[in-house]
Each structure stands twice: as C-alpha cells, then as structure tokens.
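Working notes, structure below.
What you see below is based on every heavy atom in this structure, not just the backbone, and it leaves out hydrogens, waters and symmetry mates.
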Amino acid sequence: NVNPGFGYEDDSMAINPYVGVSFVNVTPQSTLDVYARLGLVYYFDAPGEMDDMNSQSRAGINYTHRFSERLRFVSRNFISYELEPDYSYGYASSRSTGEYFFWQSDNSIGFRWTERVGTYTGLRLSGTDYTDSDVPDNDRFTWELYNQFRYQLSPQTVLTADYRYGQTTGNGYASDSVNQYLLLGAEHRFSPNTIAIIRAGAQFRDVDDRDNETSPFVEFTLNSQLTQAWSVRSFARYGIEDYDTVQYLADGIAEYADRRTLRFGLATEYVISPMLSLNGGIDYIPTDFKSGEYVDGPNEGSSAPDGNEDIINAYIGLSVRFNYIVTGMVSYNFTDSSSDDDRRDYNRNRISVGVSAEF
C-alpha cells in the first residue's frame, strides 16, 4: 500500500541509488565525525499523485573539543531531506507522500566542578519543513534550553538531574506551545561494551489558548555488544509530542493539544562469518490523541473526539560481503497502521535487493 489515506492500494517498483562519504579525525583534544549520503528514490510506476523521483539524503557533523580536563564543548548536528519517516529519529509516525526537511543542532558546554560533580548546559534547535503543499500543518520549529546536573556515584554509574525549557512554533492550524521537563536519571555501564541510560519525570505543556497538560515523561537507551558477533541497540520514549497534532477527520479539521506517544525501537545485528551477517529490528509506536478541538468545518470551536493510532514496523535483512569492497543486501520490511480513522489504516510489505561498494 504505497499511498495510505487515498483509498486504494497499488504495487510499485523503485530504485534507490546513493553515494556516501564519511570522515573521522581524532586528536588528544578533539574528535570530528562527518558523514553524508546523497540519494534518491525513483519509481518506475509511481502511484497516484506521488512524484516519480524523490530525495533520500542525509548528512551530519559531530564535534567534541576538550579545552581542559574540566571544560569541553559538544556539538551534534543532523539534516535530512527524505520522502518518508525514519522511525529511528523518534520524530515521525504516519506515512507521508511528500518530501520533508528534518534538522537538529544540539550544542552544549560541559564543566566538571569537582571530581564527582559536573554539568552540561546547552541549546537544542530542531525543525521540519514539508516542501509538498499537500502535507499542510506539519512544519515545526523548536528551540530548547537545558541544564543537566551530573553526579559520579561510582566508576560505572552517573546520576543525573535535568531541567529543559522549550518553545515550539507551528504553522497553519498547529498552535504554538511551551514544554518544560523535570527529570531524574542514571547512566550505568554494565561492562565496557554495554551502557544503559534512563531519565524519568514530568512534562508540563502549555498550548496557546488551551488548557495546560501534565504528563509522565520517560526516555531510555541501551547499547550493547553482547558478544563479538552480536550487537543490540534499543530505545524508548513516552511523553506529549508536538508533531502531527492536526488531524483531518470526516467531520472537520481538529487540533489535539495532548498527543501522547510511546516510541519503542529495537535493532540487532549478528555476524555469522566475516562474509555473512543478519540484521533485524522492530518499532512500536502507539499514540493517543486527546484534548482535541475542531479548528475548521461545521463543528469549529467544539470538542473533537479522542482517537488512537498504533504503528508496528518490523524488518529483517541479510548482508553478504563478496569481497573487501562489494557487499550485497536483501531485506524485508512490514508496516502495519491501525487507527480510529479508516483512512490511516493500512499495511505495507517491502522487499529490497541491493549492492554497495565501499572503499
């Protein structure tokens, strides 16, 4: 189902050529990591109103500089211009039929006050811009100031306390909002190859001309190299999100001030031999739409009904290294969307076969 929401299903075949480059430079004081991938998706038989050709490109720059044993600067920057959501961003949910920019820049100063006490203070900027006019009310710009207090409890464990203050500007029917977070957490290294990070607390949300909302907020990350051959990465997050708050219902357009979302992702890779490896993963994204109000249509100004949407995305792949340069790949991806809105109900099967050369 290539175009969910348009009332029909259609098979399609496409190619996805790309070229990429990565560069890493490490010195005693600084670490620089630069990567870019320029690509496109070309449909031989693009269904419905979709364009034949769409961008599938992304790039990033990560930089850390240690001014001294106590003071460091950290900068993480990412931009993409793509056709549809990548669930690993922790941003998008429903499938879209137009290209969009997504970017984020996170810059902070870390200072160690004592052997056990430190802080990170920073500014995070992010935004989305849908270039297709058929995807309205989804552009967003967010700035967020944050301060994290860190206490070294043991060589393996760091306790954290976070305060975050952010403002989001929406376009169209999407309202502006303010979000504040108070979080307690811990970072624990179980082994040199396994680290877990958890933060939990409260989110306080204020939407223009709407009631204030308070919600639990949790985020969790686990990265582990279980064995020399097997690696696992996982993340989870629960809270009220600013994206996709405007819904086009059968009886009008509604905006939801409370869009509570759980995001869970698990990815794994197992190296069978130097020439053969398996990879797979699953994403689960249940969403509840609450505190809705009709902003257009015959019911404008009245309350909109609550709604929910569940997305499951699962994939498995096989990678074969023919030599030190050329690698072949085959993968299968299944996506299922269940929603109160029949137009957002769909399931989709994708089979991909490819080859890459790296040098």
Side-chain angles (χ1 to χ4, degrees), residues 11-26 31 33-42 56-60 62 78 80 82-90 92 95 156 187-198 219-237 263-285 311-336 347-359:
D11 296 335
S12 183
M13 181 174 290
I15 58 172
N16 178 205
Y18 66 89
V19 59
V21 62
S22 62
F23 172 78
V24 177
N25 183 55
V26 179
T31 300
D33 178 13
V34 181
Y35 60 93
R37 168 176 164 163
L38 302 178
L40 59 88
V41 177
Y42 178 77
Q56 203 80 352
S57 304
R58 60 184 66 172
N62 297 320
F78 176 80
S80 68
E82 300 182 282
L83 173 63
E84 60 181 284
D86 183 333
Y87 298 111
S88 64
Y89 295 166
R95 166 118 157 83
Q156 293 78 33
E187 302 174 6
H188 183 74
R189 186 171 293 278
F190 294 93
S191 72
N193 297 320
T194 302
I195 185 171
I197 301 171
I198 185 169
E219 55 188 13
F220 171 80
T221 302
L222 173 67
N223 291 319
S224 178
Q225 188 74 39
L226 297 175
T227 67
Q228 188 174 357
W230 186 18
S231 63
V232 174
R233 304 182 309 278
S234 180
F235 79 93
R237 188 181 72 204
R263 294 182 182 271
F264 171 78
L266 174 68
T268 184
E269 181 178 20
Y270 186 80
V271 179
I272 300 174
S273 72
M275 307 297 290
L276 185 65
S277 63
L278 290 171
N279 64 81
I282 187 169
D283 300 285
Y284 177 51
I285 310 173
I311 291 179
I312 297 176
N313 180 69
Y315 59 92
I316 186 171
L318 175 68
S319 177
V320 181
R321 196 172 186 88
F322 297 115
N323 53 48
Y324 291 106
I325 295 177
V326 180
T327 301
M329 298 156 287
V330 60
S331 66
Y332 168 70
N333 183 288
F334 172 77
T335 304
D336 178 82
N347 57 62
R348 189 164 63 128
N349 298 273
R350 287 181 292 168
I351 298 174
S352 301
V353 178
V355 63
S356 67
E358 185 176 347
F359 51 88

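Residues satisfying the side-chain contact (heavy atoms from CB on, under 4.5 Å) criterion with L278, sequence neighbours excluded, are I272, L318. Residues passing the side-chain hydrogen bond (donor to acceptor under 3.5 Å, both in side chains) test with T268, sequence neighbours excluded: W230.
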- Task: Verify side-chain contact (heavy atoms from CB on, under 4.5 Å) between L226 and N193, making sure each step is shown before the conclusion.
- Result: CA-CA 7 Å; L226 297 175; N193 297 320; over 6 Å; no
- Message: For a side-chain contact (heavy atoms from CB on, under 4.5 Å) check, start with the C-alpha distance between T327 and S319, then their side-chain angles and the critical distance, and finish with the verdict.
- Response: CA-CA 7 Å; T327 301; S319 177; 3.2 Å; yes
- Task: Please step through side-chain contact (heavy atoms from CB on, under 4.5 Å) for the pair Y35 and N62, ending with a clear verdict.
- Result: CA-CA 9 Å; Y35 60 93; N62 297 320; 4.2 Å; yes
- Item | Check against side-chain contact (heavy atoms from CB on, under 4.5 Å), Y18 and S57 | CA-CA 8 Å; Y18 66 89; S57 304; over 6 Å; no
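For residues 219-235, the salt bridge (charged side-chain N to carboxylate O under 4.0 Å, His left out) pairs, not counting sequence neighbours, are R164-E219, R199-E219.
Side-chain contact check for N333 versus N313: some heavy-atom pair is nearer than 4.5 Å.
Judged by distance alone, the side chain of S277 and the main-chain N or O of Y270 form no donor-acceptor pair under 3.5 Å. A donor-acceptor pair under 3.5 Å links the side-chain atoms of N16 to the main chain of L40, judged by distance alone.
Taking CZ of F235 as the start and CZ of F264 as the end, the distance is 8.5 Å to the nearest 0.5 Å. To the nearest 0.5 Å, atoms CG (N349) and OH (Y332) are separated by 3.5 Å. For the atom pair CD1 of I316 and CD1 of I282, the computed distance is 12.0 Å after rounding to the nearest 0.5 Å. Taken from OG in S22 to CD in E358, the straight-line distance is 7.0 Å, to the nearest 0.5 Å. Annotation: the span from Q156 atom CD to R189 atom CZ amounts to 9.5 Å, rounded to 0.5 Å. Taken from OH in Y42 to CE in M13, the straight-line distance is 13.0 Å, to the nearest 0.5 Å.
Residues S234 and L266 come closest through the heavy atom pair CB-CD1, 3.8 Å. Minimum interatomic distance between F190 and A196 (heavy atoms only, all atoms of both residues): CE1-CB, 3.6 Å. Heavy-atom minimum distance, T335 versus R350: OG1-NH2, 4.4 Å. When every heavy atom of Y315 is checked against every heavy atom of A267, the shortest pair comes out as OH-CB, 3.5 Å.
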